[in-house]
Amino acid sequence: MLSLILIRHGETDWNTQQRIQGQRDLPLNETGRQQARNLQPVLAPAFMESVAPVRILSSDLQRALLTAQIAVNGQDDIETDARLREINYGEWEGLDRRTLEQRCPAEAVRWFRGDDFAFKPHGGESLQELHQRMSAFHQDVILPLIQPPPQRVIIFTHGAALMAYLNVILQAHARFATDNGTLSEIILRAGTLPEVTWFNVLPQHISMLYPLS
């Protein structure tokens, strides 16, 4: 059994300005740092009270990596994997959504509201390419861990990357939205369907992670 904890990074100034970040390497703002600190009491039992192995993985972009560093509070090593980066928005990075919709309204509607995951108008990645990237990560890193003994993996990543990864795990084709500093947990067992324990939950609404033995 594998407990997979998925965490979206804390807030940045561009989040508050509704600017497209993509793979721009932006820092957390103070709200984002506090969101990361809020994760500490929830994650601590994973290291201190559970005998199961814990592995921590993060995007190498600083807003995710710093969230991880603050949240685990030095309890364990953090591995970075560039495949956990946010989607590459190309020339759209730095624009706020209103400006984007004014400059290229048809493309913006198709991107944000359409269901064509192969659509790529911006010189970056399509949602389909992001899905393939996250699928490769899942195949290489996570699937080999779904076997005895029980263990837990904590992943710090980004909104669109998290959406794509949920589609990979659940074999879905949906637009999942998560908030900054929230947790989702999925239990993976060999030969059975994934079990979603939480989705997009603020840490203050969780007393602690269920210890694995």
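All values below come from the heavy atoms of this structure, side chains included, with hydrogens, waters and symmetry mates left out.
At a threshold of 4.0 Å, the pair Glu101-Arg97 counts as salt-bridged, since one of the basic side-chain nitrogens sits closer than that to a carboxylate oxygen. The pair Arg8-Glu86 does not meet the salt-bridge criterion, since no charged nitrogen lies less than 4.0 angstrom from a carboxylate oxygen. Salt-bridge check for Glu125 with Lys120: failed, with every basic side-chain N at 4.0 Å or more from each acidic carboxylate O.
Summarising the geometry, atom CG belonging to Leu6 is positioned 9.5 Å from atom CZ belonging to Phe199; distances are rounded to the nearest 0.5 Å. Ile7 CD1 to Glu185 CD: the interatomic distance, rounded to the nearest 0.5 Å, is 10.5 Å. The OG atom of Ser3 sits 4.0 Å away from atom CD1 of Ile187, with the distance rounded to the nearest 0.5 Å. Rounding to the nearest 0.5 Å places CE of Met1 at 12.5 Å from CG of Leu145. Glu79 CD to Leu57 CG: the interatomic distance, rounded to the nearest 0.5 Å, is 5.0 Å. The line from CD1 of Ile206 to OG1 of Thr197 is 10.0 Å long, rounded to the nearest 0.5 Å.
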Query raised in the report: Going through the distances and angles, do Ile155 and Ile5 end up as a side chain to side chain contact (heavy atoms under 4.5 Å, CB included)?
Result: CA-CA 6 Å; Ile155 295 176; Ile5 306 295; over 6 Å; no

Query raised in the report: Val168 and His131: side chain to side chain contact (heavy atoms under 4.5 Å, CB included), yes or no, with the steps?
Result: CA-CA 7 Å; Val168 169; His131 185 280; 3.6 Å; yes

**Report entry** Intermediate values then yes/no, side chain to side chain contact (heavy atoms under 4.5 Å, CB included), Asp13 and Arg19
**Finding:** CA-CA 9 Å; Asp13 285 342; Arg19 294 172 69 183; over 6 Å; no

Requested in this report: Begin from the C-alpha positions of Asn200 and Phe176 and carry the test side chain to side chain contact (heavy atoms under 4.5 Å, CB included) through to its verdict.
Outcome: CA-CA 9 Å; Asn200 195 39; Phe176 298 99; over 6 Å; no

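A ring-centre distance under 6.0 Å is found for Tyr165 and His138.
Shown here for Asn15 and Gly10, the closest heavy-atom pair between the two residues is OD1-O, 4.0 Å. Among all heavy-atom pairs drawn from Ser59 and Arg85, the shortest one is OG-CA, 3.6 Å. Nearest heavy atom pair, residue Arg189 against residue Ile146, reads C-CG2, 3.6 Å. Of all the heavy atoms in Thr178 and Gly159, the pair that sits closest is OG1-CA, 4.3 Å. Closest heavy-atom contact between Thr157 and Leu84: OG1-O, 2.7 Å. Residue Phe156 comes nearest to Ala68 through the heavy atom pair CD1-CB, 3.4 Å, listed as atom of the first residue, atom of the second, then distance.
Put simply, Val201 and Leu166 are part of two different groups of oily side chains (I, L, V, M, F, W, Y) that touch within less than 4.5 Å, one to the next. Hydrophobic clustering of Ile, Leu, Val, Met, Phe, Trp and Tyr side chains at less than 4.5 Å, counting indirect connections, keeps Val72 apart from Leu66. No single ILVMFWY cluster, assembled from side-chain heavy atoms under 4.5 Å apart, contains both Val153 and Val54. Transitive grouping of hydrophobic side chains (ILVMFWY, heavy atoms separated by less than 4.5 Å) brings Leu162 and Leu170 into a common cluster. By the rule that hydrophobic residues join a cluster once side-chain heavy atoms approach within less than 4.5 Å of another member, Leu143 and Leu4 end up as members of one cluster.
The main-chain N or O of Gly114 is found under 3.5 Å from a side-chain atom of Arg175 such that the two form a donor-acceptor pair. Remark: the backbone N or O of Pro144 is paired with a side-chain donor or acceptor of Gln147 at under 3.5 angstrom. In this structure, the side chain of Glu93 engages the main chain of Gln23 through a donor-acceptor pair within 3.5 Å. When atom types are taken as modelled, the side chain of Asn167 and the backbone of His173 share a donor-acceptor pair closer than 3.5 angstrom. Of the possible donor and acceptor atoms, none in the side chain of Thr99 sits under 3.5 Å from a partner among the backbone N and O of Leu95. With Gln151 contributing its side chain and Ala52 its backbone, the two residues share no donor-acceptor pair below 3.5 Å. Of the possible polar contacts, none joining the Asn73 side chain to the Gln69 backbone as a donor-acceptor pair under 3.5 Å is found. Remark: side-chain polar atoms of Asp179 are not paired, donor with acceptor, to backbone N or O of Thr182 under 3.5 angstrom.
Screening residues 5-53 for ring pair (Phe, Tyr, Trp, His ring centres under 6.0 Å), with sequence neighbours left out, gives His9-His158.
Taking 4.5 Å as the limit, every side-chain heavy atom of Asp96 sits out of range of all side-chain heavy atoms of Ile20. Leu188 places a side-chain heavy atom less than 4.5 Å from the side chain of Ile142. Side-chain contact between Asp60 and Leu65: absent, with no pair of heavy atoms (C-beta onward) separated by less than 4.5 Å. Between Leu100 and Cys104 the shortest side-chain heavy-atom distance falls below 4.5 Å. With contacts defined as side-chain heavy-atom distances shorter than 4.5 Å, the pair Thr67/Leu28 qualifies. Between Asp116 and Arg110 the shortest side-chain heavy-atom distance falls below 4.5 Å.
Within a 6.0 Å sphere centred on CD of Gln171, other residues, nucleotides and ligands contribute 12 heavy atoms or fewer.
Residues Thr12 and Gln21 have side chains that bring a donor and an acceptor to within less than 3.5 angstrom of each other. For the residue pair Thr16 and Glu11, no side-chain donor N or O sits within less than 3.5 Å of a side-chain acceptor on the partner.
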Quick one: side chains of residues 37-46, donor-acceptor pairs under 3.5 Å with protein atoms, not counting sequence neighbours, listed by atom name and distance.
from	atom 1	to	atom 2	distance (Å)
Arg37	NE	Gln34	OE1	3.2
Arg37	NH2	Glu30	OE2	2.5
Arg37	NH2	Gln34	OE1	3.0
Asn38	OD1	Gln34	NE2	2.9
Asn38	ND2	Gln34	O	3.4
Gln40	NE2	Ile70	O	2.8

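Using cut-offs of 30° and 60° on the angle between ring planes, the pair Trp92 and Trp111 is perpendicular.
In this structure, Arg83 forms no cation-pi arrangement with Phe137, as its terminal cationic atom is not both closer than 6.0 Å to the ring centre and no more than 45° off the ring axis.
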